[in-house]
Each structure stands twice: as C-alpha cells, then as structure tokens.
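Since the structure comes first, as structure tokens, the remarks are kept for the end.
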Amino acid sequence: MSNYITVIGLEIHAELLTNSKVFCTCSAEFGGDANTRCCPVCTGMPGTLPVINETAVEYAVKAGFALGCDINKFSVFDRKNYFYPDLPKAYQISQLERPLCINGLIPVEVDGKVKNVRVNRIHLEEDAGKLVHDDFNGVSLADYNRCGIPLIEIVTEPDISSAAEAKAFVEQVSLLLQYAGVCDCKMEQGSLRCDVNISLMKPTDTEFGTRAEIKNLNSLKSIVRAIEFEEKRQAQLLDMGKRVVQETRRFNDNRGETKSLRSKENAHDYRYFPEPDILQVNFTDEMLDEIKAKLPELPDVRYSRYVKDFGLSEVDAKIIIQSKLVSDFFDDTVSNYNNPKSICAFILTELLRRINLGEVAMENLPFSAKEFAQLVEMADTDKVSKNDAKTILRFMIESSKSPLELAKENGMLIEIDTGKVLETISNVLAENPAIVEQYISGDTKVFGFLMGQCNKALKGVATPKVVKEELEAKLASLK
Ligand code: ADP
Ligand code: MG
Ligand code: ZN
C-alpha cells in the first residue's frame, strides 16, 4: 500500500485529418517515401511565408466543442524556438497565451465511478519531422514529410490520479475526436501521442510534488506501464528522503522503465514570441455556431439513441459506441433492415468475433452494410438457419458475393414449399404406421423420431419450426 497520492496531468497530441498541411499545401497523409511530401514552406526555407489552413482551425474548434471547451473568439500564434534536427525551421509555430480552446471538461468512468477531468487548453500547432535511425550505417536520416502536419495539443489539469484513470481518459478523448471526425487516433501510427506528467504527494501535503514528464507514449499499454513504473520510482526516492528531479524522461517499452532524457525546459527557455507571419484568428458567434452545427453526432448522444429508441441493453450499446466505425456500420445496417436488436446481436457475437480473430478489419470490410443487413434478415426470417448464417458471414469475408448468392451456392437457402412439406410428412407417417399408432394412443415420446425423419427428408426445404407445426397438425387430425 503506497503512502502517496498520485497526481497526473496529460498532454495529448492529435494529428488533424486535413488533406493538406497546416501552413502549406503539401499532402498531410500518413506515410509516403521520405521527403516526397514537403516544400520550401514546411522545410523552413528562408523567405517563405506560411498561410494558415482554415480547415485545420475548424477541426481544432470542433475538437474543442467535442471536449466541452470554451472557444476563444480571439486567438494568436506564437513561435516556440528550439533546435532539433527534425525541425528545420528551428522553431515551431504554436500557441502560448491565446490558444483556440480553453476550460474543457471530460467525464471518464473507472470501475463505475465517474471522474471529471478538466481540460486546461487545446492549441493548434505544427508537427515536426521524423528522424530515422540507421544503426547499420551508424547514421540518422531526417524525413520531413510529417513537418507541418496540423496538430492539436490537449492539456489537462492535474486531475488524474491513477494509471486506470489516465487510460480511460485517453480512450475517451480518442473516441470523442474520432466521432468529431478530426483525428483517426491511430496511436500505433503516431496520430495520437501522449506525454504524462506525474508527481506524488502525501495526503497531508498542501502543494503538489515535483513532477517528471514522460514524453511520447504511443500506446495505452505503455501509458499504463510508464505511470506504474514512475509511481514506484518516485515513491522509492521520497521514502529515502530524496527529491524527485523535474525532468523529461523516456519510456523504454522493452525494459518497462523510464529513463532521464534531459532536464525540463521552462517556457522562457523557448523564447516564445508572437508569430509575425500568421494573422490572428478572430471568430464571430455566427462562425462558431456554424462550426458547431457541422459537428457530427457524439458518442453520448448515440448511446442514448441506442438505449432509448432502439431498446439495446446499456452494455451492448456501450460496446457498439466504443468504436465509431462499428457504430457507423451498425447505423447503416439498421437503415437497411430495421431490426436493431437482432443486428446488434449479430455484430457483437459474429462480426466482432471475426474481427478479433484477425480475419477481417472494420476499416475495410469486404461487404456493405446493405449486404450485412440482408444476411441478418435472412437468418431472422428463416431463409437460412442461424448456424448457416454464421458460415455465410465467413464466406462473405472471403468472397465478394452477396449473402443470397452464397446461401444458394452452398445449398443453405431454405425455400419453404408447403406442398412438399405436407407430402413428405404423409409419406413418413405412411412408412411408420406402428409408431403413428403409438403416438395416437398417447405415447408422445415418439414424436421426436417422426420429427427427425421428416427433418432429414426436408433439409433445405423447410425449417424445423415449420416441420414441427405441420407434423403436429397432421398428427392431431389423425386422432
Ligand atoms: P509545461 O508548460 O512546463 O509543460 P504546464 O503547466 O503546461 O507545464 O503543465 C503541463 C502538464 O503537467 C499539465 O497537464 C499539468 O496538469 C501537469 N502538471 C503540472 N504540475 C504537475 C504536478 N506537480 N504533477 C503532475 N502533473 C503536473
Ligand atoms: Mg507542456
Ligand atoms: Zn509543404
């Protein structure tokens, strides 16, 4: 049991999904051959002038609305000066005193308890390039494709008090940004990255302890592990009467440890000053209303819609909204076949299972929501058995054929032919007179045998349900 309270504040960097970069017209798409997506502006050549991307500003404001922030109607860009080989201008255009968004609030749930985490600010800035370390030749190469990709930095107040809360917070932010449509939040590709500021204090302390900052964590797992490691490291120092040094640390995923990188810079080390090449951003109420109106439906609203209008259970609704892609697909499917509960059940038990098995990815499903709707409807209306429906889904993942085609091809389509059903039942009864006699004289156990014979003869022609009804009716008429 630890004697300390953990205090955590997060800085989350999220790359915005604009087509072009924030101050030039280069493509902002992820990847590309090294240095093929840059120009004199984003590589900081002397004499070039940046022009701000209006969509980037709009996306940052959308993020602000999604995270419950106030939007500053008047906001300013600043130069943050530092040298690093991935930053050819030797300064980053960012925002210091007047960021676009302030005072947000995000409720997160951990173990059924809701914690409100305050967002201090969201500002817009540009990303830096990337260094590629070539250990074989002993050199580092600079790739400037990422230079100038629009980034928002979301800074929280130090309201987070555990690794679990930090994880829940990042998950919630990631969900909100994806729903807002401003970031794809792929931590493995670096479009969402997190710095953790962490310190410990005694319950009786009146001031926060000295913090360490762990830079550039790129998975939820490493956020959790880095926090847990730091909690131990700092507690040990404090227990020995030593002090925590304010510094920037790096988390080593393989070792599960953080290591000192450099002593922490203060804001004045960066010699911030107002960026002379970029105009201030001024909004009117109408402009902000317009952006707000463009904001897509956010997860909480969807959740209530699923529970209230569709009658999904709270647990199921939560799983569906947990991924925007899944939720969008669910909505699309429902718009093709209005049976939300049944569709939800099929998504949760079958589709997500296939995805978890790695057979297919939600990002590129080989079938449409319309086809998926057809499949669920076929199973619901006994055109195929429930079991065969699962198999057909597997086929749909492997081929581009429609569920109906696949059901026909594989002899799974049940086309109920009542005449045939009645004829077959008559034949089965005629072949088993003794058993029919037994049934009529009250020995109803033999029903199962007759049912089995009929089902065998009627495979693909009728569902067991139909066979059972017709067989019961026929036997009743013989009494
Ligand atoms: P800087 O400009 O040096 O990065 P900020 O004041 O912007 O510092 O804070 C950065 C982050 O550190 C914020 O998320 C804030 O909540 C967090 N933070 C500040 N002080 C502490 C502390 N003593 N312990 C933990 N986190 C802290
Ligand atoms: Mg900072
Ligand atoms: Zn460029």
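Just follow the structure's listing: the first ligand is 1, and inside any ligand the first atom is 1.
Exactly one residue among Asp285, Thr284, Asn282 makes a side chain to side chain donor-acceptor pair (under 3.5 Å) with Lys73. That residue is Asp285.
For ligand 1, the atoms lying closer than 4.0 Å to a non-hydrogen atom of Gly209 are 23 (N). Close contacts between ligand 1 and Gly9 involve ligand atoms 14 (O), 16 (O), 17 (C), 26 (N) [criterion: under 4.0 Å to a heavy atom]. In the vicinity of Val7, heavy-atom distances shorter than 4.0 Å reach the ligand 1 atoms 24 (N), 25 (C). The distance from ligand 1 to the heavy atoms of Glu157 drops below 4.0 Å at these ligand atoms: 16 (O).
Two residues are said to be in side-chain contact when any heavy atoms from C-beta on lie closer than 4.5 Å; Ile227 and Val196 meet this criterion. Taking the side chain as every heavy atom from C-beta outward, Asp159 and Phe169 never approach each other to under 4.5 Å. Looking at Glu15 and Arg193, their side chains come closer than 4.5 Å, going by heavy atoms from C-beta outward.
Distances from atom 5 (P) of ligand 1 to the heavy atoms of Arg118, Glu213, Arg211, Glu153 put Arg211 nearest. When the heavy atoms of Asp159, Thr156, Thr210, Val155 are ranked by distance to atom 15 (C) of ligand 1, first place goes to Thr156.
Atom CZ of Arg354 sits in a crowded spot, with more than 12 heavy atoms from other residues, nucleotides or ligands closer than 6.0 Å.
Polar contact check, Phe208 against ligand 1: no nitrogen or oxygen pair lies under 3.5 Å apart. Between Pro158 and ligand 1, an N or O atom pair is found at a separation short of 3.5 Å.
Ring-centre distance between Phe74 and Phe283: not below the 6.0 Å cut-off.
When heavy-atom distances to ligand 1 are checked against a 4.0 Å cut-off, Asn197 comes that close through both its backbone and its side chain. For Asn120, no heavy-atom contact with ligand 1 is shorter than 4.0 Å. Residue-level proximity to ligand 1 for Glu11 is carried by the side chain, the only part with a heavy atom below 4.0 angstrom.
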Show me the side-chain donor-acceptor pairs of residues 19-29 shorter than 3.5 Å, one per line, residues at least two apart or across chains.
{"unit_1": "Ser20", "atom_1": "OG", "unit_2": "Asn53", "atom_2": "ND2", "d": "3.4"}
{"unit_1": "Lys21", "atom_1": "NZ", "unit_2": "Arg37", "atom_2": "O", "d": "2.7"}
{"unit_1": "Lys21", "atom_1": "NZ", "unit_2": "Asn145", "atom_2": "O", "d": "2.9"}
{"unit_1": "Lys21", "atom_1": "NZ", "unit_2": "Cys147", "atom_2": "O", "d": "2.8"}
{"unit_1": "Ser27", "atom_1": "OG", "unit_2": "Glu29", "atom_2": "N", "d": "3.1"}

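Sorted by chain and number, the protein atoms of type N, O or S within less than 2.8 Å of the Zn ion (ligand 3) are Cys24 SG, Cys26 SG, Cys39 SG, Cys42 SG.
Between Phe330 and Phe310, the two ring planes are perpendicular [angle over 60°; tilted spans 30° to 60°].
With respect to Glu297 and Lys324, no salt bridge is recorded, no charged nitrogen being found less than 4.0 Å from a carboxylate O. The existence of a salt bridge linking Lys167 and Glu171 is confirmed by a sub-4.0 Å separation between a basic side-chain nitrogen and an acidic carboxylate oxygen.
Both tests do not hold together for Arg79 against Phe273: distance to the six-membered ring centre under 6.0 Å, angle to the ring axis within 45°.
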